Amino acid sequence: MPVHRSGSAFRRRSAVTGILLAALSLLFTLPAHSASAADVPPRGSAHLGMGVLEHDGRHGTPVPGGATQTEGVDVSSHQGNVAWSTLWNSGVRWAYAKATEGTYYTNPYFAQQYNGSYNVGMIRGAYHFATPDTTSGAAQANYFVDHGGGWSRDGRTLPGALDIEWNPYGATCYGKTQSQMVTWIRDFLNTYKARTGRDAVIYTATSWWTQCTGDYGGFAANNPLWIARYATAVGTLPAGWGYYTMWQYTSSGPTVGDHNRFNGALDRVQALANG
């Protein structure tokens, strides 16, 4: 005898089937980047060397050598209020503090870090984390100078530093071609010098510089190089620079993780400060 299904039962089963199919369809059509979007840090959180470990790795730490070098540190909001006397007593003699990022962020701990290092006797400077995909180089240089990145010939203030490296928020080269990146950097450097009278320091890593500027060598004559490499030796430098001025060699040093060596004795740090 044939079995007759009620219309309501058939409709209920059809509705459930439709819901399941819709759910499966949604699952397979979600954008591929949705899972990784949560890994993108908030704007303003970038800092010197943020991409070094991920892209270049760590290959040991330098051993004492014959050349005289002077220990330094760099800090950002991640360090909060810094124990500057502890760092001074450990032999640190110079420091850079993050002042700005893009044209949208200022470090809330900048005053404690910038003035605190100065007050214990260190030679200090400020740095700017570049975001070439948000505003022009000139706009960011002006923002930097207006929010702590200036310079004065007091013998204790280093020229501002441009932190130009991997983009933590998106495309490695910020969506720019190599020539566009060089133009952006030049725009920043020219504006900074016009505002302060000093050539800014360039902080970068050789691998990023090669990829995103085509290993451009045109800034080496005027802009001191601050190289990032976590290894026993500084390795190959970007084109044009025959030597480095500063070397960020680790992100896991004592008291403050990011430690650096100035390529020379303390009087050379003072000479850079004096211009």
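Along the sequence shown, residues are numbered consecutively beginning with 1. The model shown is predicted, which means the values in this text are computed figures rather than measured ones.
R124 is not listed as a side-chain neighbour of R156, based on a closest heavy-atom distance of 4.5 Å or more. Within the 4.5 Å cutoff, the side chain of C173 has no heavy atoms near those of the Q178 side chain. Residues F110 and S76 are not in side-chain contact: their nearest non-hydrogen atoms beyond the backbone lie 4.5 Å or more apart. Side-chain contact between H59 and R229 is present, with heavy atoms from C-beta onward closer than 4.5 Å. For the pair Y203 and L162, the minimum side-chain heavy-atom distance is 4.5 Å or more. The shortest side-chain heavy-atom distance between V182 and F219 falls under the 4.5 Å cut-off. Residues W166 and S207 meet the side-chain proximity criterion, which asks for heavy atoms closer than 4.5 Å.
Between the CD1 atom of I164 and the CD1 atom of I202 there is a distance of 9.0 Å, given to the nearest 0.5 Å. Note: L158 CG to M122 CE = 12.0 Å, rounded to the nearest 0.5 Å. Atom CD of Q79 is separated from atom CG of D258 by 6.0 Å, given to the nearest 0.5 angstrom. The structure places OG of S77 at 7.5 Å from CD of Q113, a figure rounded to the nearest 0.5 Å. Between Q248 atom CD and T204 atom OG1 the span is 11.0 Å, to the nearest 0.5 Å. Expressed to the nearest 0.5 Å, how far CH2 of W184 lies from SG of C212 amounts to 12.5 Å.
One finds no salt bridge joining R261 and D74 here, because no Lys/Arg side-chain nitrogen approaches an Asp/Glu carboxylate oxygen to under 4.0 Å.
With hydrophobic clusters built from ILVMFWY side chains whose heavy atoms lie under 4.5 angstrom apart, W151 does not share a cluster with Y118. Transitive grouping of hydrophobic side chains (ILVMFWY, heavy atoms separated by less than 4.5 Å) brings L225 and Y230 into a common cluster. No continuous path of ILVMFWY side-chain contacts below 4.5 Å connects Y114 to V269, so the two sit in separate hydrophobic clusters.
Contacts of T106 classified as side chain to side chain contact (heavy atoms under 4.5 Å, CB included), with partners at least two apart in sequence or in another chain: T100, Y143, H147. For the ring-ring contact (aromatic ring centres under 6.0 Å, His included) test, no residue two or more places apart in sequence or in another chain qualifies with Y109.
Taking each heavy atom of D215 and A239 in turn, the nearest pair found is OD1-N, 2.9 Å. Heavy-atom minimum distance, T131 versus G102: OG1-CA, 3.3 Å. Scanning all heavy atoms of the two residues, the minimum distance from M50 to P41 falls at CE-CG, 3.8 Å. Nearest heavy-atom pair across P238 and T206 is CD-OG1, 3.4 Å. What you find for Q140 and A130 is that their closest heavy atoms are OE1-CA, 3.7 Å. Across K176 and P132, no two heavy atoms sit closer than the pair CE-O, 2.9 Å.
When each of T157, L272, N222 is tested with R198 by the rule side-chain contact (heavy atoms from CB on, under 4.5 Å), just one qualifies, namely L272. Partner L87 forms a side-chain contact (heavy atoms from CB on, under 4.5 Å) with one of V75, V92, V120 and no other, that one being V92.
No side-chain donor-acceptor contact under 3.5 Å links D187 to the backbone of T183. The main-chain N or O of P224 is never found under 3.5 Å from a side-chain atom of T245 such that the two would form a donor-acceptor pair.
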Test log, rule salt bridge (Lys or Arg N to Asp or Glu O under 4.0 Å), inputs R186 and D199:
CA-CA 11 Å; R186 183 183 295 114; D199 289 301; over 6 Å; no
Kindly determine whether Y127 and V201 satisfy side chain to side chain contact (heavy atoms under 4.5 Å, CB included), including the steps that lead there.
CA-CA 9 Å; Y127 79 84; V201 173; over 6 Å; no
Could you go through E165 and F129, starting from their C-alpha distance and side-chain angles, then the distance that decides it, and tell me whether this counts as side chain to side chain contact (heavy atoms under 4.5 Å, CB included)?
CA-CA 8 Å; E165 57 174 294; F129 191 94; 3.8 Å; yes
Checking side chain to side chain contact (heavy atoms under 4.5 Å, CB included) for the pair N263/Q69: CA distance, chi angles, key distance, verdict?
CA-CA 5 Å; N263 194 8; Q69 296 182 317; 4.3 Å; yes
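In this pair, Y174 and W208 present their aromatic rings perpendicular. The plane angle is above 60°, beyond the 30 to 60° band. Between W247 and Y244, the two ring planes are perpendicular [angle over 60°; tilted spans 30° to 60°].
Taking the six-membered ring wherever Trp is involved, the centroid distance between the rings of W226 and W241 does not fall below 6.0 Å. Aromatic ring centres of F144 and Y192: separated by under 6.0 Å.
Annotation for R268: atom CZ does not count as buried by contact number, only 12 or fewer foreign heavy atoms lying within 6.0 Å. When the shell of 6.0 Å around OH of Y243 is examined, it contains 12 or fewer heavy atoms from other residues, nucleotides or ligands.
Within the structure, side chain to side chain donor-acceptor pair (under 3.5 Å) pairs that include any residue of residues 83-99 comprise K98-E101 (at least two apart or interchain).
Using a 3.5 Å distance cut-off with no hydrogens or angles, the side chains of T134 and Y169 do not pair a donor with an acceptor.
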